[in-house]
Amino acid sequence: MAKNGKFLTGALIGGTAAAVVALLLAPKSGKELRDDLTKKTDEWLDLASDYTDEFVAKTNEMGSIVKDRASDLSDQASDLASNVKGKVSESKEDMDDITSDTLEDLKRQSTDLSDRFRKAASEAKDVAEDASEDIVITVKETEAEAKDTVSEGAAALAEKSKELNEETPDFSEVKEELKEEVEKNNPE
């Protein structure tokens, strides 16, 4: 893209210079020369406007793509977090059911074994809670990383847009030079 932009800029400047030289060296009257210069200036301004419009359209399109991708990543992270929370909740409920059934059976067998199994159930519950906390933390970190990736992509897009804006030719100097030449050749 940069090569095409440089080529188009060079072609535009070269073409403008060639047109100005051709018009200035052509054996025409002042009025004809002014008319020709006005026409050529309008043509080049229209061309510059077309390139500017195309650049703005491409930049808007790229921004839209980045925004859509960021939205998709955010939705995926939210879905993942929701699924993980659901699985942890189901696992905890299943663990609670298993623990209470086990405790009832053990109480019937002996008080000593009941104490041991209560302790084991409590430890299992702690492990499940620790695991669920780890999963939630991991999901939050993944979501943060996704946001960072989106931010980096947006920053890269902004940088690329800035580069493209810097490559856009400035026709004001050429316009001023043409105007000065016209005034020099036509002192009216």
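Residue numbers count from 1 along this sequence. Bear in mind that the values here come from a model prediction, so they are computed numbers and not experimental data. Just the heavy atoms: all of them, side chains too, but no hydrogens, waters or symmetry mates, feed the values below.
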Distance col, row E152:CD vs E145:CD, nearest 0.5 angstrom, shows 10.5 Å
To the nearest 0.5 Å, atom CD of E54 lies from atom OG1 of T59 at 10.5 Å
Checking the side chain of S71 only, and the main-chain atoms of K67 only, is there a donor and an acceptor separated by less than 3.5 Å? no
With a 4.0 Å cut-off on N to O distance, would you call K179 and E176 a salt bridge?
no
Rounding to 0.5 Å, atoms CG (D53) and CG (D46) come to a distance of 10.5 Å
Between the CG atom in N60 and the CE atom in M62, the distance rounded to the nearest 0.5 Å is 11.0 Å
Hey, can you pull the donor-acceptor pairs under 3.5 Å for the side chains in residues 75-85, sequence neighbours left out?
{"residue": "S78", "atom": "OG", "partner": "S74", "partner atom": "O", "Å": "3.1"}
{"residue": "N83", "atom": "ND2", "partner": "D79", "partner atom": "O", "Å": "3.4"}

